[in-house]
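The structure displayed is predicted, hence computed values, not measured ones. Order of listing sets the numbers, starting from 1, for every ligand and every atom in it.
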Amino acid sequence: MNYSIPENFILGAAASAWQTEGWSGKQAGQDSYLDAWYEAEPFVWHQGYGPAVATDFMNQYKTDVRLMAEIGLTHYRTSINWSRFFTDYENLVVDEAYAQHISDVINELLEAGVEPMFCLEHYELPKALMDRYDGWSSKHVIDLFVEYARIVFERYGDRVKHWFTFNEPIVVQTRVYLDAIRWPHEQNSKKWMLWNYHKVLATARVVEVYKAGGYAGRIGCILNPEMVYPRSSSKEDQAAAHYYDLLYNRVFFDPLVLGQYPEELLALCRENDIWFEPTSEELALIRENTVDFLGVNQYYPKRVKAQRFAWAEGQPFHPTKYYEEFDLPGKQMNNSRGWEIYPSIMYDMAMYLTENYPDLDWFVAENGMGQMDEQRFTDETGVIQDTYRIEFIREHLRYLLKAVEAGARCEGYMLWAFTDCVSPMNAFKNRYGLVSIDLENQRARSKKASANWYATLIRERQLQVADLSDEPK
Ligand code: BGP
């Protein structure tokens, strides 16, 4: 069967500054959180690769934009690297060479007919602000972020129409302060919730600045909600899914979209000593400055069940007080990444959003598949035959288009990633791109089979899929 893709439906691809740029032109003192982590713990980064060279986008962006135009991407999303944008974060001294690079990238994209989308932070918190203010623990850092946003909008707001405050604002503090599995390994659950809150507040304040500037575009945020599936119909398993959703999804969705936190979440924060002490002025600001739209990253389902053991009082709070992971026997896996493949998440997430946030405009900002040792799929003509990626995109897009037909306010689909790029820790282990990066040969680019398939999809706007109602075999 065939799905027709609506005319204005976004078909693009994404990346981020730190995962592609490389350190070319970087000045002393411009380290980001990622650079600092890589320097502190290089041994956890796959084969020692990190953000230092990345894909060398700083020098090779023109090649990338030419390839985007060849493939026909409607949109490309990346970030501005906050840590590179200034030479002095306090006095807001702009690094003019870096700022010019961003301007050049924007112009190149526009000339190629690819609509640019920018995030103000894709984990690129300046290390200097971590050292001095403990990063997002500080309201002063929110002030500095707002001033950064103001300058960015003044410089590029006439050309860029799609802005996002953060990419996946929950991730860094979850890995660092809640799970304590990433550098600097400080377990601090209260700080986890405080950072969540401060990123919500920072978003509202940036939305306020953007609106006041009267720019002809939209501002939002990119979240990574996980579609939660309880193991069973038991009320205990259902409750586990409910709490997971509350603590990891609604903790951002509700304040950003509805302008307020769920009462149940506020009570839970007080009860568990992760209370973040919002003032009534701050809550009013959040209420009045909700986002125009959201990007939603979707990779895998989250399966949970009721916890089997009593919570040991006195240990630091963790959401696993309310749930346990559930390992579904027989699930389909992407073994390279260790993530379950379950394309129905696209439809189910769309329906979740339609039901809970019916007025929200959104799009899939990331979806994709990382593959290990991808070179082994190179054919005799030198092209990587990534048929698994084509199937992955096809199946996920099928469920998304089904949701659009059912009335979801979804504006499009962006693939992660345009080129192979650096992942946190996994570095270049799992390749995600439509375009491959040759690490042995100056980061040379070449299109994979998926790039040609995606180009045809964008040109023809028809998705061919096998009939879902296949006969039993
Ligand atoms: C998302 C991030 C991206 C990207 C992607 C793939 O969560 O927004 O930056 O890295 O995941 O995940 P990974 O790189 O860990 O394999």
Near-ring test Tyr215/Tyr210, centroid separation under 6.0 angstrom: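 Yes, they do, as the ring centres are separated by less than 6.0 Å.
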Which residues pass the salt bridge (charged side-chain N to carboxylate O under 4.0 Å, His left out) test with [X], sequence neighbours left out?
{"X": "Arg84", "answer": "none"}
{"X": "Lys127", "answer": "Asp131"}
{"X": "Lys321", "answer": "none"}

Set of residues that line ligand 1, where lining means a heavy atom lies under 4.0 Å from it: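 Within the 4.0 Å shell of ligand 1, which is judged on heavy atoms, sit Gln19, His122, Tyr123, Asn167, Glu168, Asn297, Tyr299, Arg337, Trp339, Glu366, Trp416, Ser423, Pro424, Tyr432.
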Tyr299 six-ring face occupied by Arg337 cation (under 6.0 Å, within 45°):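 No, Arg337 does not lie over the aromatic ring of Tyr299.
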Asp386 vs Arg431, salt bridge (Lys or Arg N to Asp or Glu O under 4.0 Å): CA-CA, chis, key distance, verdict: CA-CA 10 Å; Asp386 52 345; Arg431 302 306 186 95; over 6 Å; no
